[in-house]
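Read the structure below first, then the notes.
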Amino acid sequence: MPKDGGIGASSKRREDVRFLTGNGKYTDDINLRGQAYVHFLRSDIAHGILKSVDTSAAEGMPGVVKIFTGADFEAVGGMPCGWQVTDKHGQPMQEPGHPVLARGKVRHVGEPIAAVVAETLAEARDAAEAIVLDIEHLPAVVDMKEAVKDGAPKVHDDLTSNLCYDWGFVEENKGAVDEAFKNAAHVTTLELTNNRLVANPMEPRVAVGDYDRSGGDHTLYTTSQNPHVIRLLMGAFVLGIPEHKLRVVAPDVGGGFGTKIFHYQEEAFCTFAAKACNRPVKWTSTRSEAFISDAHGRDHVTKIELALDADNNFTALRTDTYANMGAYLSTFAPSVPTWLHGTLMAGNYKTPLIYVNVKAVFTNTVPVDAYRGAGRPEATYQLERLIDMAAHELGVDPIALRRQNFITEFPYATPVAVEYDTGDYIATMDKLEEMADIAGFAARRKASEAKGKLRGFGVNCYIEACGIAPSNLVGQLGARAGLYESATVRVNATGGLVVMTGSHSHGQGHETSFAQVVAEMIGIDENMIEIVHGDTARTPMGMGTYGSRSIAVGGSAMVRATEKIIAKAKKIASHLLEASEGDIELKDGAFSVAGTDKSVAWGEVTLAAYVPHNYPLEDIEPGLEETAFYDPSNFTYPSGAYACEVELDPETGQVTIERFSAADDFGNIINPMIVTGQVHGGLAQGIGQALLENCAYDSDGQLLSASYMDYAMPRAVDLPFYDVDHSCQTPCTHNPLGVKGCGEAGAIGSPPAVVNAVIDAMRSGGKDVKHIDMPVSPSRVWAAMNG
Amino acid sequence: MYNFDVERPSTIADAVKALGREEAQPMSGGQTLIPTLKARLAAPSVLVSLGGIDEMKGVCLDDAGRLCIGGATTHATVAAEAAAHYPALASLAARIGDPAVRNRGTIGGSLANNDPSACYPAGALGSGATIVTNTREIAADDYFQGMFDTALEEGEIVTEVKFPIPTAAHYEKILQPASRFPLVAAFVARTADGVRVAITGASNNGVFRWSEAEAALGANFAADALAGMSLDDTDMISDLHGTGAYRAHLCAVMTKRAVAAIA
């Protein structure tokens, strides 16, 4: 019997009422009195010496308020990087300067060079066209392996090379890993690319800067997943504004997928320019700008090797990855290919020895940073493609090979420094096999073949690390921030609650699911609870939403704050009921004395807290408001098993997904409908990466896929009806809700299943294709089939 | 966009006059032109909208039994109103772009633009249509002159397109995954005078007739008649979505499938 409220209920998303009726309030909906508009003049060449920026003709153009160039930002800091990786020799990564507006050189197409603030956007654009640039073209470097060769053009002249870091993990294991490969009965080797992606949230980025001269207060409205992080980075490192003079507001945000985590130049610019121009300054990205200024995702080139013994047990794993950083270090870029990737290379398997090498490389391309899954999809893809290849080489069933090597005892400490608290990989695989109807596959293949098509089946498992993250641990790993979360629960006199969370919702449905948790704890209706997020002036210092952390970390903070509320409310109730505090029970929104029929309603207690006429003032303060900060003791480890069935047209190379099954273990679940929706969205992005999306540059550093004419986003017609299950639940052992997080699983778990299925289909057509890179486009499939 | 004047004539004569203004640009459905203007890649001083000219709209049959479509007729209208007379052409129109494109884009606009990956050029060339302008009639075989290039003179307007209706026809396309334009498409028409095969999406020179395939199909109208036939990939478009060799291969696959759909 489904619940009609609280934890476990599929409560309808309350925020959808405003989204679906056109009443959402997005950053672009914010228009301030006297607002001016900025247009950024961006580099259209990938690499060059910026010899001069002549704004003289543009200054006098109609409507121009002020024109800014790199020189205007000499007194302020550069864009900071939030994570310092230490290389395999113990040295810090190479960290180049990252100016707000280009200085000295341009390093990628799309880099802002000048900014025109004008009365209207059209006037700003007109004036920008009158700016004369003198740029001496330099050869661009785009390919990572070319970039690290001697004599390659240097993206940053003040660095020793284009190598940001050469990271080895775990460096001390390298000798033992190499030794295990020497003794292996079988070694499978795979070289692959994890294709570069553009996040493409429906809402492009927007920033509105405002400055109040009366108090010297700055406000930035921005499309961010983490307004407090932006306030911290921009205030402390870029503009030198103390936090009490800087408010950052991220209202309704139309999708983030990681690319709205980072602090961008446009945010710093609008904040700075609002003061310099003494009026609000607004920037709204066009879709074309988004392609060349939003941080991209993925872009790894990897060689991975698996050693097996004579019984097909995995004995060692070794990887060698090149990770593209782009031209500058975006906020969390260095952490993605290292701590969010290397630490996940064990996957769901008890491989005893693992060594991961990652070379992070600067190129003349847009910066690359976290994108839904961030490092974990790259790890999963390599590993799960490799295992399929090994199974094929050994002539064994790919599911059996996985099952044989599953981790089965928990907690489990991997050789790559993490400890999985719980999981049951056999259970999710059992569930998947049932969902995928493997027994019926042969008949379905036959039916496809009767139509002249090939049919393939692919499977993979995944593990991810979510609930990011224990602050002391990430501090040791180079994070320049803590990764706790906060919540303030404010109970109003008449019993309603406002929960102010440091998490940020940009599509995840927090306003609904967070309210369900608090409603369950107190036993009141969800509609009595309002969730407030996205404003540094209204919420306690929080770290925001990414890495599937909101319910695991933000939700835990909310639980802790609510527990404090309940504890205090019980004290008040015990006074009102003239009973001992230890005898007070809270159930269904009423406090009662155990074993009696004496009770007092929630609303009477909250009223007493604010109208303390009959109140234990000598023992406790009036009011009912509590704050908690929660710092997790470990990551959470959602896991699952996915299966994909494709049909392939051997004449055209076209692939269609006929079935997709996903069996996930997210631990406890607050709102099953929202979880299903998160999985669906993740699957769409994973399938998009596998089949369609390809962010491609030419050798001059020009973006070839710079619009939707060439960058293929998944559409409904490209996607199947998913079969999604999350009934396998091993609750997290270290957070109060037992939750693990579900936001990224679909994007992490789906690409290898798709590619494994395509390769299976090609093999069934008599073509022994070892590997095909994503996106598995018709032309690539056809080339592979006819190569 | 840059600033420009807009003229909205209600007759062909007024449109021709308006197009005489300096740096005037005709606009039909605007499905290519408006994005171009928004990207500031074109800067006309006058935009002459052809959308208000009633004499350029509609679908009818003439005395010779040809299907006549006004130049400013939208794809959606063709899809609905040509279906009874020329189902293959109606089906082509029904599969262009998305509903927004089909309800704004027009046949005249598409043919005047002659995008190398557009659908209508294949329909017009494959049907052996006649392109009627404000000054003359041009046979499709003479009209398409290369990528984005046609026989139209400056200021000349496509007012109508006349399609002889073939015995049978079919338009087969494979979509470019991002733009959903044809990656390659073949329009095959079987007429009393023989077979016509027009290919779009493939060549750097825009839409073209595959004469070898036409001859083979004229002798034996069956997909098997094309066995072993291939096109030279030298002039084929090669981009992110497919090499010239892949496109050359698809030309044969699409043609075979079109034939199979008819036969």
Side-chain angles (χ1 to χ4, degrees), chain A residues 39 62 120-126 128-129 195-196 198 200 286-289 291 452 649-656 687-688 690-698 702-718 775-787, chain B residues 1-4 31-32 35-41 43 95 97-101 115-118 172-186 201-202 223 226-227 230 233 236-258 260:
Chain A
H39 176 78
T120 70
L121 184 57
E123 287 170 333
R125 277 182 89 174
D126 287 345
E129 288 183 7
N195 41 325
R196 181 186 273 241
V198 182
N200 281 308
T286 64
R287 185 61 66 184
S288 303
E289 272 183 296
F291 272 98
D649 181 339
E651 276 193 317
T652 62
Q654 282 178 305
V655 170
T656 54
I687 291 170
L691 286 187
L692 295 158
E693 299 184 48
N694 185 22
C695 178
Y697 280 92
D698 71 9
Q702 292 293 333
L703 184 59
L704 297 173
S705 51
S707 78
Y708 292 140
M709 291 298 281
D710 288 300
Y711 189 89
M713 294 293 285
R715 305 178 199 205
V717 72
D718 300 312
V776 183
S777 64
S779 65
R780 286 181 177 177
V781 171
W782 179 78
M785 297 278 295
N786 293 280
Chain B
M1 270 185 205
Y2 296 104
N3 284 338
F4 49 79
Q31 295 305 292
T32 300
T36 308
L37 293 174
K38 285 172 78 172
R40 293 193 160 195
L41 296 172
R95 289 181 283 151
D98 54 28
V101 168
D115 187 302
S117 299
E172 185 75 21
K173 69 175 170 180
I174 175 170
L175 298 179
Q176 194 257 53
S179 70
R180 310 285 164 131
F181 274 66
L183 185 61
V184 166
L226 300 171
S230 64
D233 63 11
M236 293 288 173
I237 297 169
S238 190
D239 61 15
L240 269 183
H241 309 287
T243 58
Y246 177 55
R247 280 187 165 85
H249 164 77
L250 288 177
C251 291
V253 175
M254 293 299 111
T255 305
K256 279 181 204 167
R257 290 185 180 184

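Lettering follows sequence order; numbering is per chain, from 1.
- With a 4.5 angstrom heavy-atom cutoff, A:M709 touches chain B via backbone and side-chain atoms both.
- The parts of A:L704 that come within reach of chain B are both its backbone and its side chain, each placing non-hydrogen atoms under 4.5 angstrom from that chain.
- A:D698 does not touch chain B: none of its heavy atoms, backbone or side chain, sits under 4.5 Å away.
- For B:A39, the part lying under 4.5 angstrom from a heavy atom of chain A is the backbone only.
- When heavy atoms are compared at a cutoff of 4.5 Å, B:R247 does not approach chain A at all.
- Side-chain atoms of A:D718 never come within 3.5 Å of backbone atoms of A:P714 as a donor-acceptor pair (strictly under, hydrogens ignored).
- For the set A:A712, A:S779, A:G653, the count of heavy-atom pairs under 4.5 angstrom toward chain B peaks at A:S779.
- Using modelled atom types, no side-chain atom of B:K256 and backbone atom of B:A227 make a donor-acceptor pair closer than 3.5 Å.
- A:D710 and B:H241 share a donor-acceptor pair across their side chains, judged by distance under 3.5 Å alone.
- Interface remark: A:T652 contributes backbone and side-chain atoms alike to the contact with chain B (heavy atom separation under 4.5 Å).
- Checking A:E693 against A:Y711 by side-chain atom types alone, a donor-acceptor pair falls below 3.5 Å.
- Contacts between A:P775 and chain B at a heavy-atom distance below 4.5 Å are absent for every atom of the residue.
- Taking the ring centre of A:Y708 as origin, the terminal cationic atom of A:R287 falls outside the region bounded by 6.0 Å and 45° from the ring axis.
- The minimum heavy-atom distance between B:M254 and B:I174, with the atom names listed, is SD-N, 3.6 Å.
- When each of B:Q176, B:H249, B:R40, B:R257 is checked for heavy-atom pairs under 4.5 Å with chain A, B:R40 comes out on top.
- Using a 4.5 Å cut-off between heavy atoms, A:S705 contacts chain B through both its backbone and its side chain.
- No side-chain donor from either of B:Y246 and B:D233 sits under 3.5 Å from a side-chain acceptor of the other.
- Within the 4.5 angstrom heavy-atom criterion, only backbone atoms of B:M1 (N, CA, C, O) approach chain A.
- Using a 4.5 Å cut-off between heavy atoms, A:R125 contacts chain B through both its backbone and its side chain.
- A donor-acceptor pair under 3.5 Å links the side-chain atoms of B:R180 to the main chain of B:P177, judged by distance alone.
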